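Working notes, beginning with the structure itself.
Here is the naming used below: chain letters follow the sequence lines, and residue numbers restart at 1 for every chain. Please read all numbers here as calculations on a predicted model, not as lab measurements.
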Number of protein chains: 2
Amino acid sequence: MPQTQATWQPPISGDPEQACPIAPVVDIVFSRWTTPILWALHTYGRQRFVELERRLTTITPKVLTQRLRQLERDGLVARTYHPEVPPRVEYEITELGSSLAPLFAHLAEWASTHLEQVERSRHAYDTDRATGAAETATAVRRAGPA
Amino acid sequence: MPQTQATWQPPISGDPEQACPIAPVVDIVFSRWTTPILWALHTYGRQRFVELERRLTTITPKVLTQRLRQLERDGLVARTYHPEVPPRVEYEITELGSSLAPLFAHLAEWASTHLEQVERSRHAYDTDRATGAAETATAVRRAGPA
DNA sequence: CAGAATCCTATAGGATACTG
DNA sequence: CAGTATCCTATAGGATTCTG
């Protein structure tokens with residue numbers, strides 16, 4: 001049976017996680033609060049729960065605890081409990097956690113050099129949509145230069 | 001007025017977003033599907049909607065559309081619409097999107113060298129919790145070597 | 001083909017209050 | 001101080017169906 005258009009395509013790949021080698025890292029390192037926490041620990045060194053809380057001004061203690069627990073479980077952060085009154089708990093980045101430092105530096109670098117472009121692109125996209133950009137005749141390509 | 005314990009701490013910082021320079025990037029690049037999409041476009045080049053759909057085996061068309069729209073708006077991906085029947089739409093990574101390539105390479109590198117450590121840490125943490133690791137006397141430090 | 005529309009759920013995260 | 005305990009909401013993401 002002849003197919004009009006669609007030439008048959010193989011399944012291409014089995015596992016999207018495997019297809020994208022960095023997908024697993026995303027779950028570990030990149031969420032709303034994990035990067036700020038790691039950044040704070042890396043930048044300002046070992047510190048207590050309340051210090052982190054003050055630094056990440058808008059975080060709630062519940063979420064801070066959750067993310068710290070996850071980071072501890074993943075071995076990126078170490079927790080030290082001093083049985084005193086009042087209790088003192090200190091968090092520090094581990095060697096494994098520090099191994100992300102160069103990556104973070106690159107990300108910060110990328111941010112400083114490209115974030116503005118993203119902003120401009122967003123603005124252009126939004127105003128285009130708002131003013132009802134004409135869909136002319138032939139192939140329409142959107143977004144800035146390739 | 002002498003304070004018992006807590007030496008006063010300054011507000012430390014105003015804005016957590018500003019405190020962590022890579023926080024803004026996280027929203028743009030790192031979510032469940034954005035990295036696999038960017039990876040696919042970067043690795044296999046310009047391709048159609050259905051090709052991406054097949055490559056990212058478990059993604060749904062709705063989510064794929066959403067993420068592609070966001071990437072287009074942010075200028076990381078370009079969409080080309082060919083008014084034919086049936087319609088043909090091609091997506092490709094932009095120059096701005098490609099600027100993330102070295103970063104992705106580093107992330108993939110980190111994954112290949114450190115993911116196993118994370119797995120081990122998780123396992124150790126879980127078995128520790130399960131067997132009720134004794135909280136001895138003095139300072140207790142958890143997680144692997146600093 | 002490339003999606004739009006609709007409905008649904010799981011969960012990350014926030015707000016608030018309480019405790020060893 | 002360093003959390004825990006509840007409650008709540010917003011939203012990312014999934015499943016399904018339909019269309020130009």
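- In this structure, B/Y125 is not a member of the same hydrophobic cluster as A/V29, with clusters built from ILVMFWY side-chain heavy atoms closer than 4.5 Å.
- Applying the ring-ring contact (aromatic ring centres under 6.0 Å, His included) test to A/F49 and every residue at least two apart in sequence or in another chain returns nothing.
- One finds no side-chain N or O of B/R67 lying less than 4.0 angstrom from the OP1 or OP2 phosphate oxygen of D/dG14.
- Ionic pairing of A/R48 and A/E90 is not present here: no N-O contact between side-chain nitrogen and carboxylate oxygen is shorter than 4.0 angstrom.
- Residue side chain A/K62 reaches the base of C/dG13 through a donor-acceptor N/O pair under 3.5 Å, judged by distance alone.
- Comparing the axis of the opening five pairs of the helix from C/dC1-D/dG20 to C/dG20-D/dC1 with that of the closing five pairs yields an angle of 50°, rounded to 10°.
- Phosphate contact (OP1/OP2 of D/dG14, side-chain N/O of B/R32, threshold under 4.0 Å): present.
- The nearest whole Å value for the distance from the CD atom in A/E90 to the P atom in D/dG3 is 12 Å.
- Comparing D/dG3, D/dG13, C/dA4 by their closest approach to the side chain of B/T65 singles out C/dA4.
- The number of heavy atoms from other shown groups lying within 6.0 Å of NE2 (B/H123) does not exceed 12.
- Distance CD1 (B/I59) to P (D/dA15): 12 Å, rounded to an integer number of Å.
- Of all nucleotides listed (C/dG3, D/dC1, C/dG13), C/dG3 comes nearest to the side chain of B/F49.
- Atoms CD (B/Q66) and C1' (D/dA15) sit 13 Å apart, rounded to a whole Å.
- With C/dG14, D/dC1, C/dG3 as the choices, the nucleotide that has an atom nearest any side-chain atom of A/P87 turns out to be D/dC1.
- Of the charged side-chain nitrogens involved, at least one lies within less than 4.0 Å of a carboxylate oxygen, so that B/D126 and A/R73 count as a salt-bridged pair.
- OP1 or OP2 of D/dG3 lies within a sub-4.0 Å distance of a side-chain N or O belonging to A/R79.
- The separation between B/Q47 atom CD and C/dA2 atom C1' is 15 Å, rounded to whole Å.
- For A/R48 and D/dA2, the shortest distance from a side-chain N or O to OP1 or OP2 is below 4.0 Å.
- Out of D/dA2, D/dT4, D/dA15, the shortest distance to the side chain of A/R69 is found at D/dT4.
- The shortest distance between the side-chain N/O atoms of B/Y91 and the OP1/OP2 oxygens of C/dC1 is not below 4.0 Å.
- Taking atom CD of B/E53 as the reference point, atom P of C/dG3 lies 10 Å away to the nearest angstrom.
- Summarising the geometry, the separation between CG on B/L64 and P on D/dT16 is reported as 18 Å, rounded to the nearest angstrom.
- Using a 4.0 Å cut-off between a side-chain N of Lys or Arg and a carboxylate O of Asp or Glu, A/E72 and A/R67 do not qualify as a salt bridge.
- Ring geometry for B/W39 against B/F104 counts as parallel: the plane angle stays under 30°, on a 0 to 90° scale with 60° as the upper cut.
- Distance from the side chain of B/S31 is smallest to D/dG13 among D/dG13, D/dC1, C/dG13.
- When the C1' atom of D/dT11 is taken as reference, atom CG of B/D27 falls 13 Å away, rounded to whole Å.
- Counting heavy atoms from C-beta on, the side chains of A/L76 and A/T34 never come closer than 4.5 Å.
- To the nearest angstrom, C1' of C/dG3 lies 16 Å from CZ of B/R88.
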